[in-house]
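To start, the structure itself, in structure tokens.
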Amino acid sequence: MASSTLSQTGNPVLDIALDTLDKGKQCLVFLGTKKSAEKAAEDIAKALKGSTEGHKDIAEKALDALSSPTKQCERLARCLGKGVAFHHAGLAQKQRELIEEQFRTGGVSIICCTPTLAYGVDMPAYRSIIRDLRRFSKHGMSWIPVLDYLQMAGRAGRPNYDKMGEAIIACATEAEEEEAVERYIRGKPEEIYSKLAVEPVLRTHVLSLIATGFASTGKQLLDFFSSTFYAHQFRDIPRLGMVLEKMLAQLGEWEFIVLPGKDDFTSAYEIDEQRIRPTLLGKRVAELYIDPLTAHTFVTRLQDASDRRLHAFSFLQMVSHTQEMRPLLRVRAKEMEGVQQRFLAYHASVLEPEPSLYDPDYEEYLNSVKTGLMLLDWSEEKTEEFLLKQYDVRPGELQAKLNTADWLLYSSEEICKIMQFRSLLREISTLRFRLRYGAREELLPLLRFEGIGRVRARILFNNRVRDAAGVKAANLATLKHLLGEKIALSLKKQVGEDVKEVSEGKRKGQVSLKKFE
DNA sequence: GGACGGTGAAACTTCAGGTTGCCTC
DNA sequence: GAAGTTTCACCGTCC
């Protein structure tokens, strides 16, 4: 426990971090927000004297992770130049891997992070410095769970790297110190509670058990859930039976399962005699592992969509308006008007009906509109820096949203196949492709080539090379001029032209074009 | 006297993370 | 609730 009275710089976290370096050791600093993690890393980096030469390569790699670096990349590179890093879910995957690898090999000595690094990582940290023990929640600031503290503290002194480790809580006041000791050093970890009680989770598992044939009667379902940790904890089996019964009725109504004589049962015990069968749709929904409620919403919306004039945004907003996409981008008070204004252009083609302005769901609906607009901008070739400025979405957060959106769009594609909504298939699959590359539809033929992402495809397209025939027709010298020698030769090979191999290495003066594959 | 830059107080804003599907346009 | 950021008034310096 560090008290501010020991401070050398007026900043206890900085003091302890610098002291760790003096000892020739490495440390992790845990902070409560991404911004704090970035600022702490920057403060430590600034306090370090000496040149950045030794870490130049690492800094360059961090800048190189995206096709054009964002402000966040530049900030990270500046810190890495001094052997310090910040680490949170907003970083690009490559940057996160780079930092973790460099921490293991000694190229980075200090990482300031959010809880990203608290769970399941094994790294040579001699110290864990924990600054923020309170975090913002629905009910204002609240103390983090003891279990979370233990996870962070447990990152120090891993058996593979050190014989011992130190976990240090940095407190601002004596009162905070007392509370921290009581709560985290002397306190007991919290009880663990089953998550099965959450409706979407239970719903997903009920369908999955039926779809896989693991259970085909109410009794089998009840027997299964009775032996789970959830039932062990809550003990109220009759109530569990009632919940299951309600859930089965709902899944039946949505046509994911068939309940013979479904009107007859009144309790889970009475459905014992009946065999529940999954429908084709129900089986596929279970395989896709989405919440059956989401799947049901998709079925309903896509049914209405077949004969309507749609836009990419129609699908993007539909998938954004799901449990799986949460947490959504938040619409701030001052943006409200702007988002509503932009929404007007797509209003007629939207699949998810807009609630009234006074509906409690309106705010979340508008959030789904903003999230959909952000995805749309990405698919229209806006840069990561633009998205960071416009939506406050960092590259890592963008990637996470893109993954989820792709999964949900794939699921809606599969639903269309089963429900025979053939007219929508092409539109959805094109959109998935566009989302994957962050490119307009016109670039699709070029993106099929190996080594061509959205940046190179755009360069080619703007120079009238628009598809395989265009690549064939193009002069090799022109392609070399646009993309560099290696890529030009590779392209020509891919369209079946026999071209001469050239010497290794990058041509002098050639600009490196990267990487949306 | 005006342009400019530095400083600090006050007002304002925002707040962790991650699993799941399939392979093709 | 608090850290971090932005805004703005104020002051000193320089030309």
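The chains referred to below are lettered A, B, ... by the order of the sequence lines, with proteins before strands, and numbering in each begins at 1.
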- Under 4.0 Å between a Lys/Arg side-chain N and an Asp/Glu carboxylate O for A:D392 and A:R330? no
- Message: Need to verify one output field. Residue with the more 5' nearest nucleotide on DNA chain B, A:R394 or A:R326?
- Response: A:R394
- Task: Validate the cation-pi geometry between A:R432 and A:W407: distance from NZ or CZ to the six-membered ring centre under 6.0 Å, angle to the ring axis within 45°.
- Result: no
- Message: Any residue in residues 199-208 of chain A with a heavy atom nearer than 4.0 angstrom to DNA chain B? Just list them by number, or reply none.
- Response: none
- Query: CD of A:E38 versus P of C:dA3: gap in Å, rounded?
  - Reply: 17 Å
- Given the P atoms of C:dG4 and B:dG17, what is the spacing between them in whole Å? 16 Å
- Would you grab the first and last nucleotide of DNA chain B (5' to 3') that comes under 4.0 Å of any non-hydrogen atom in chain A? B:dT14 to B:dC25
- Return the nucleotide paired to C:dT5: Watson-Crick means purine N1 to pyrimidine N3 with N6-O4 or O6-N4, wobble means G-U with N1-O2 and O6-N3, both under 3.5 Å. B:dA11
- 5'-most contact on DNA chain B: A:A400 or A:L288, nearest heavy atom basis? A:A400
- So what does A:S429 touch, heavy atoms closer than 4.0 Å: a base, only the sugar-phosphate, or nothing? base
- Query: Contact class for A:T404 (heavy atom, under 4.0 Å): base, sugar-phosphate, or nothing?
  - Reply: base
- Message: Donor-acceptor check, side chain of A:Q323 to backbone of A:D291, threshold 3.5 angstrom: yes or no?
- Response: no
- Sugar-phosphate only, base, or nothing, as touched by A:R135 at under 4.0 Å among non-hydrogen atoms: base
- Query: Rounding to a whole Å, what distance do you find between A:E42:CD and C:dA3:P?
  - Reply: 18 Å
- Go through A:I144 and A:M152 one step at a time and tell me if the side chain to side chain contact (heavy atoms under 4.5 Å, CB included) criterion holds. CA-CA 11 Å; A:I144 62 166; A:M152 294 191 278; 3.3 Å; yes
- Sugar-phosphate, base or nothing in reach of A:D406, heavy atoms under 4.0 Å: base
- Query: Base, sugar-phosphate, or nothing: which does A:E287 touch, judged by heavy atoms less than 4.0 Å apart?
  - Reply: sugar-phosphate
- Query: Is the centre of the A:Y230 ring less than 6.0 Å from the centre of the A:F225 ring?
  - Reply: no
- Counting any heavy atom closer than 4.0 Å, what does A:R434 reach on the DNA or RNA strands: base, sugar-phosphate only, or nothing? nothing
- Query: Under 30°, 30 to 60°, or over 60°: which ring-plane class applies to A:W143 and A:Y184, parallel, tilted or perpendicular?
  - Reply: tilted
- Item | Donor-acceptor contact present, side-chain A:N367 to main-chain A:L328, <3.5 Å | no
- Is the cationic atom of A:R466 (NZ for Lys, CZ for Arg) positioned less than 6.0 Å from the six-membered ring centroid of A:F461 and within 45 degrees of its normal? yes
- Task: Describe the nucleic acid contact of A:P445 in one word from base, sugar-phosphate, nothing, applying a heavy-atom distance below 4.0 Å.
- Result: nothing
- With a 4.0 Å cut-off on heavy atoms, is A:R96 in touch with a base, just the backbone sugar-phosphate, or nothing at all? sugar-phosphate
- Would you check if the side chain of A:E324 reaches a backbone N or O of A:I290 as a donor-acceptor pair within less than 3.5 Å? no
